[in-house]
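These notes concern the structure reproduced below.
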Amino acid sequence: MKLSNNDNKQYKHLTLDNGLRVLLVNDPSSEKSASSLAINIGHFDDPIDRQGMAHFIEHMLFLGTEQYPNRGEFSQVVSQFGGNANAWTATEHTCYFFDVRADKFADILPRFADFFVAPLFEESALNDERNAIDSEFNLKVKDDNRRIIQVHKETVNPAHPFTKFSVGNHDTLGDKDGHIRKEVTHFFTAHYQAQWMTLVLAGPQSLTELTELARINFSAILGSDTKKPPISAPMYRQQDLGLLLHIQPRKHLQKLIVSFAMPDIKNLYRYKSLSFLAHLLGYEGDGSLYAILKKNGWINALSAGGGVNGSNFKDFNISFALTDAGIEYYEDIVEMLFEYISLIKDKKASLPALYLDKKRLLELAFDNQEVNKLIDWVSNVSVNMHHYDDENVLYGDYCMEGFNESLHEQLLGYLSPHNMRLVMIHPSATHETETINKIAQWYNTPYQVEKISTEWLNALANIQSPLPEMMLPSVNPYLAHDNTLFAVESTAQSPTQLKDKPGFEFWFKQDATFRVTKGHFYLELDSEISIADTKAMALTRLFADLFMDSVAEQFYSAELAGLSYHLTSHQGGLTLHTAGLSSCQLKLASQLVEALQKQPISATRFAEYKKQLIRHWKNHNKNKPVSELFSILGAKLMPWNPTPEALAKALKNVCFNDFNAFRSALFSSIHAKAFLHGNWQRKHAKAIQQQLLCNFATSEILEDLKKPLNTIEQPLCEAYTKENSEHAFVHYIQAPTHSVEDKIKIMAFNQLVSQHYFEQLRTQKQLGYLVGAGYAPFNTRAGIAFYIQSPKFTSADLLAHHDLFIQEFVAHIDELEQTHWEDVKSGLKSQIAEKDKNLRLRSQRFWVAIGNDDHTFSMQEKLLKSLNALTFEQLKLFIIKVTASDFPSLTLKMN
């Protein structure tokens with residue numbers, strides 16, 4: 001196997017006698033173990049009269065097996081031992097995965113393996129989980145992505161499995177003749193075969209021990225020599241091409257998608273020819289299609305290369321986020337796209353050098369990749385095992401063997417007008433034709449279909465030359481720098497503060513642990529101007545968006561070179577964050593800081609972004625009610641965090657002159673915090689520190705702005721109504737104090753209650769699809785939030801169930817000490833004590849500590865000390881106290 005330079009894990013491929021392919025991974029640095037099983041079965045395999053079956057079975061496997069019959073016990077035990085478990089069903093694959101404390105892995109693995117050997121499919125569980133599937137479907141009915149995809153499904157070859165309904169609901173999974181269990185069992189037996197599965201076991205265990213665990217637990221899965229039958233029907237027939245679809249979304253979306261039909265591209269991964277083509281079309285620098293269309297005022301964004309794909313099809317999409325004017329000029333946009341494609345054809349000689357640029361970047365990314373959470377990593381690898389050869393399971397996403405001219409020409413050949421479909425998504429998507437309006441099944445999406453005129457398609461096919469101002473990318477200047485790994489100057493465990501003037505903190509830490517040529521730079525600028533009122537808070541957010549828009553073209557090459565930058569608003573001001581390769585990142589950071597005050601922003605872009613931001617905030621009303629209630633909760637607790645509705649209202653009457661006056665004042669008086677962490681030495685830190693001092697030399701320096709937090713003084717309940725909305729509530733308990741002791745008690749309460757809450761109110765009582773309890777701190781004050789959203793039960797009913805659960809939980813709390821308090825405690829301990837897996841996570845932890853004035857960087861140690869001292873009796877008294885009816889809490893209800 002090809003491994004990254006910084007990969008110290010050991011690997012072993014294994015195929016069991018039943019045909020199950022296994023990858024064993026010894027990771028001595030991990031405190032957890034994880035497993036993922038991916039199977040080449042998805043909703044494409046659903047029987048026509050049982051659509052949603054694959055998804056249904058994914059749910060059912062968690063609800064009891066012959067050896068472990070208790071429903072939902074797997075997730076409870078995994079949570080108890082400090083882990084997580086989940087699964088997903090896609091078109092042609094389903095994936096199951098979990099992680100757990102390493103010392104409990106061997107105990108949990110038999111439970112996981114039994115999913116695939118002997119699931120119970122117990123009758124009452126089948127009926128209950130069908131309700132959960134139906135709730136999930138109802139939750140997604142208003143989701144525009146699902147609604148748009150359904151139109152796609154209805155306008156392709158009906159013989160292709162892509163057209164099937166993936167989620168399922170009461171109708172498709174109903175027990176019409178009393179044989180649903182027999183059908184589920186038959187589907188499982190026919191499809192859940194070992195030869196179509198891949199398994200990853202990873203953890204600190206030796207390869208020998210992992211081999212034994214794989215053989216003992218997974219050999220019982222049934223397997224055969226049967227190969228998966230290929231999909232024979234094409235995705236598109238000739239009559240499915242040359243179409244223009246008009247789709248009406250629920251939210252305010254304005255998008256044009258130009259889609260080209262291609263065959264399966266899975267085996268092209270060694271060359272990344274299609275990714276390279278997408279890179280050329282999605283270029284955003286000077287002379288790009290993006291830059292020209294944006295200058296014309298027709299688009300706000302462009303992306304290339306997306307689109308659905310599978311084992312015999314690939315949609316190659318170029319998507320344009322349209323302005324109001326762009327809707328009127330969509331035909332011109334399509335014509336300019338084909339002019340840019342002709343530029344790519346004309347400039348064939350310059351392509352190998354540009355390909356090498358991208359190849360070099362991917363090699364740098366592969367050798368400097370950072371460790372992810374083990375549970376995420378194993379699930380990705382188990383799926384990659386279905387797509388890449390054994391030696392490239394880890395390298396396949398990065399592999400670029402060389403510019404393949406014939407393959408490039410073949411792919412360009414698919415970018416033909418006669419091989420194209422257009423999709424126009426707009427709230428008033430209507431067209432003056434005789435085409436009958438349609439409503440998509442399941443999701444009720446209004447849409448129209450019309451044939452594109454042959455005359456226009458022929459005209460597009462005759463485009464042979466680009467516009468004079470069109471240019472391809474040039475060789476990337478940011479890749480000209482050597483990525484040197486600097487010698488370690490200091491082994492200090494925590495960041496140190498460089499001497500600054502008051503009100504201007506600069507912290508630095510050279511990375512001595514991960515040793516990658518990467519780094520992170522953070523700059524927080526607090527300004528009293530930004531919190532003067534709701535209008536100022538809205539303008540701060542608008543400035544962040546406009547700034548990112550205004551510098552996009554200038555710094556696009558930096559993004560291509562593996563650097564990222566974001567300007568975001570926070571309570572009190574703005575935060576700039578840069579990340580990526582360290583060699584030229586400080587140059588980028590300096591240029592961005594200078595641009596904060598000097599970058600020109602046009603009145604046209606102001607008007608466009610003001611309109612888009614107001615629409616975005618108003619679209620929030622169409623979010624799921626639980627999300628809306630959490631927004632209201634945040635606004636009630638944090639005065640500097642207004643609701644989206646309040647922000648939209650405040651921004652409505654702001655003019656460009658107001659914006660310019662606000663921007664001029666924004667940096668006139670500031671408090672600044674900066675942090676540099678990664679592959680740099682002290683001299684680099686001192687240089688950018690001095691640069692920052694020069695940048696803000698004329699600014700008045702303020703004291704640190706402390707983010708305010710409202711304290712809940714008594715039990716409060718507020719009700720909200722919204723038409724055509726599901727019912728929901730959020731019940732929030734704020735920690736009594738800011739103390740570490742209260743913080744750890746809230747964390748322990750959450751660890752103790754969350755899985756029980758989900759199991760009883762979601763799995764057993766089937767109150768809704770969105771059910772949960774979670775740790776929810778606001779401005780460093782700990783808290784716990786309970787929430788349920790339901791299409792059937794009123795918020796009053798949901799709260800009654802919630803109150804009853806809490807009463808019973810408290811009444812039987814002593815039983816929890818006997819069963820699993822110590823396991824819960826050790827599970828929470830492992831979560832808090834978990835080492836930073838990569839440079840990004842460590843940078844985030846240090847930056848959060850700096851923001852919270854934790855200058856000893858000791859919160860982790862304080863929490864562990866408090867947890868070790870916490871007794872079950874103390875926690876019990878705390879839970880009884882905070883769940884009492886007279887304890888201050890905030891309950892928000894919808895409908």
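Open room surrounds CD on Glu455; 12 or fewer heavy atoms of other groups in view lie less than 6.0 Å from it. Shown here is Tyr329, whose OH atom has no more than 12 heavy atoms of other residues, nucleotides or ligands within 6.0 Å. Lys295 NZ: 12 or fewer foreign heavy atoms inside a 6.0 Å radius. Counted within 6.0 Å of NZ on Lys611, heavy atoms from surrounding residues, nucleotides or ligands total more than 12; the atom is thus considered enclosed. Within a 6.0 Å radius of NZ in Lys142, other residues, nucleotides and ligands contribute more than 12 heavy atoms. Few gaps surround NZ on Lys153; more than 12 heavy atoms of other groups in view lie less than 6.0 Å from it.
Checked by atom type and distance alone, the side chain of Gln51 pairs as donor or acceptor with a backbone atom of Phe165 at under 3.5 Å. No donor-acceptor pair closer than 3.5 Å links the side chain of His279 to the backbone N or O of Lys358. Using a distance-only test at 3.5 Å, with no hydrogens or angles considered, no donor-acceptor pair links the side chain of Ser166 to the main chain of His43. Put simply, the side chain of Asp46 gets close to the backbone of Gly52: a donor and an acceptor are under 3.5 Å apart. The backbone N or O of Gln591 sits nowhere less than 3.5 Å from a side-chain atom of Glu594 that would complete a donor-acceptor pair. In this structure, the side chain of Asn157 engages the main chain of Ala159 through a donor-acceptor pair within 3.5 Å. Put simply, the side chain of Asn169 gets close to the backbone of Thr172: a donor and an acceptor are under 3.5 Å apart. Not one N or O on the side chain of Tyr414 forms a donor-acceptor pair closer than 3.5 Å with the backbone of Phe316. Checked by atom type and distance alone, the side chain of Asn296 never pairs as donor or acceptor with a backbone atom of Trp298 at under 3.5 Å. Checked by atom type and distance alone, the side chain of Asp143 pairs as donor or acceptor with a backbone atom of Arg146 at under 3.5 Å.
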Query raised in the report: Hey, mind stepping through Leu581 and Tyr478 against side chain to side chain contact (heavy atoms under 4.5 Å, CB included) and telling me if it holds?
Result: CA-CA 10 Å; Leu581 298 174; Tyr478 288 91; over 6 Å; no

Query - Full working for side chain to side chain donor-acceptor pair (under 3.5 Å) between Ser273 and Asn404 - result: CA-CA 7 Å; Ser273 299; Asn404 187 319; 5.8 Å; no

Requested in this report: Apply the test side chain to side chain donor-acceptor pair (under 3.5 Å) to residues Glu136 and His55: give CA-CA distance (whole Å), side-chain angles for both, the deciding distance (0.1 Å), then the verdict.
Outcome: CA-CA 11 Å; Glu136 182 177 353; His55 181 219; 3.1 Å; yes

Query - Chi angles and distances behind the salt bridge (charged side-chain N to carboxylate O under 4.0 Å, His left out) call for Asp144, Arg147 - result: CA-CA 5 Å; Asp144 274 324; Arg147 298 171 83 252; 3.1 Å; yes

**Report entry** From CA spacing to verdict: side chain to side chain donor-acceptor pair (under 3.5 Å), Thr445, Gln150
**Finding:** CA-CA 8 Å; Thr445 324; Gln150 185 59 34; over 6 Å; no

**Report entry** Ile48 and Lys164: CA distance, side-chain angles, deciding distance, side chain to side chain contact (heavy atoms under 4.5 Å, CB included) verdict
**Finding:** CA-CA 8 Å; Ile48 290 295; Lys164 293 178 183 176; 3.8 Å; yes

**Report entry** Evaluation steps, side chain to side chain contact (heavy atoms under 4.5 Å, CB included), between Leu411 and Leu415
**Finding:** CA-CA 7 Å; Leu411 294 174; Leu415 305 189; over 6 Å; no

Report task. Show the numbers, then the answer: is there a salt bridge (charged side-chain N to carboxylate O under 4.0 Å, His left out) between Lys348 and Glu405? Result -> CA-CA 9 Å; Lys348 194 191 306 182; Glu405 187 174 335; 3.7 Å; yes

Report task. Go through the steps to decide whether His408 and Ser406 satisfy the test side chain to side chain donor-acceptor pair (under 3.5 Å), and finish with yes or no. Result -> CA-CA 5 Å; His408 174 77; Ser406 63; over 6 Å; no

Requested in this report: Just do the side chain to side chain contact (heavy atoms under 4.5 Å, CB included) check on Leu337 and Val258 with the steps written out, would you?
Outcome: CA-CA 9 Å; Leu337 167 62; Val258 184; 3.7 Å; yes

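In this model, no donor atom of one side chain and acceptor atom of the other lie less than 3.5 Å apart for Glu154 and Trp442. Looking only at atom types and distance, the side chain of Thr568 has no donor-acceptor partner in the side chain of Arg541 under 3.5 Å away. Ser311 and Asp264 are not linked by any side-chain donor-acceptor pair at a separation below 3.5 angstrom, with hydrogens and angles left out of the test. Side-chain contact check for Thr578 and Gln585: at least one donor-acceptor pair (N or O, by modelled atom type) lies under 3.5 Å. Side-chain polar atoms of Thr91 and His93 form no donor-acceptor pair below 3.5 angstrom.
Here the closest heavy-atom approach between residue Gly42 and residue Thr89 is recorded as CA-CG2, 4.3 Å. Scanning all heavy atoms of the two residues, the minimum distance from Lys314 to Gly305 falls at NZ-O, 3.0 Å. Nearest heavy atom pair, residue Pro600 against residue Ser550, reads O-CB, 3.9 Å. Pro249 and Ile247 make their closest contact through CD-O, 3.4 Å (heavy atoms, listed as atom of the first residue, atom of the second, distance). Closest non-hydrogen pair, Gly402 versus Tyr355, comes out as O-OH, 3.0 Å. Nearest heavy-atom pair, Ser569 versus Ala544, reported as atom, atom and distance to 0.1 Å: N-CB, 4.3 Å.
Using a 4.0 Å cut-off between charged nitrogen and carboxylate oxygen, Asp324 and Arg615 count as a salt-bridge pair. Salt bridge status for Asp45 with Lys228: present, with a side-chain N to carboxylate O gap under 4.0 Å. Salt bridge present: Arg605 and Asp549 bring a charged side-chain N and a carboxylate O closer than 4.0 Å. Salt bridge annotation for Arg237-Asp240: present, with a cationic side-chain nitrogen under 4.0 angstrom from a carboxylate oxygen. Salt-bridge check for Glu284 with Lys294: failed, with every basic side-chain N at 4.0 Å or more from each acidic carboxylate O.
Using a 4.5 Å cut-off on side-chain heavy atoms (C-beta onward), Ile344 and Leu412 make contact. Looking only at side-chain heavy atoms (C-beta outward), Leu280 and Pro473 come within less than 4.5 Å of each other. At least one side-chain heavy atom of Leu546 sits less than 4.5 Å from a side-chain heavy atom of Phe659. Contact of the Ile341 side chain with the Leu281 side chain is registered, since non-hydrogen atoms from C-beta on lie closer than 4.5 Å. Residues Gln448 and Leu245 are not in side-chain contact: their nearest non-hydrogen atoms beyond the backbone lie 4.5 Å or more apart. The closest side-chain heavy-atom distance from Ile231 to Phe44 is below 4.5 Å. Between Pro234 and Asn312, the closest side-chain pair of non-hydrogen atoms is not below 4.5 Å.
Of the residues Asn300, Leu293, Ile299, the one that meets the side-chain contact (heavy atoms from CB on, under 4.5 Å) test with Thr323 is Asn300. Evaluated for a ring pair (Phe, Tyr, Trp, His ring centres under 6.0 Å) with Tyr283, the options Tyr556, Phe276, Tyr290 yield exactly one hit, Tyr556.
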Return all side-chain donor-acceptor pairs below 3.5 angstrom for residues 393-401, not counting sequence neighbours, or 'none' if the list is empty.
residue: Tyr395; atom: OH; partner: Glu363; partner atom: OE2; Å: 2.6
residue: Asp397; atom: OD1; partner: Tyr388; partner atom: OH; Å: 2.5
residue: Glu401; atom: OE2; partner: Arg270; partner atom: NH1; Å: 3.1

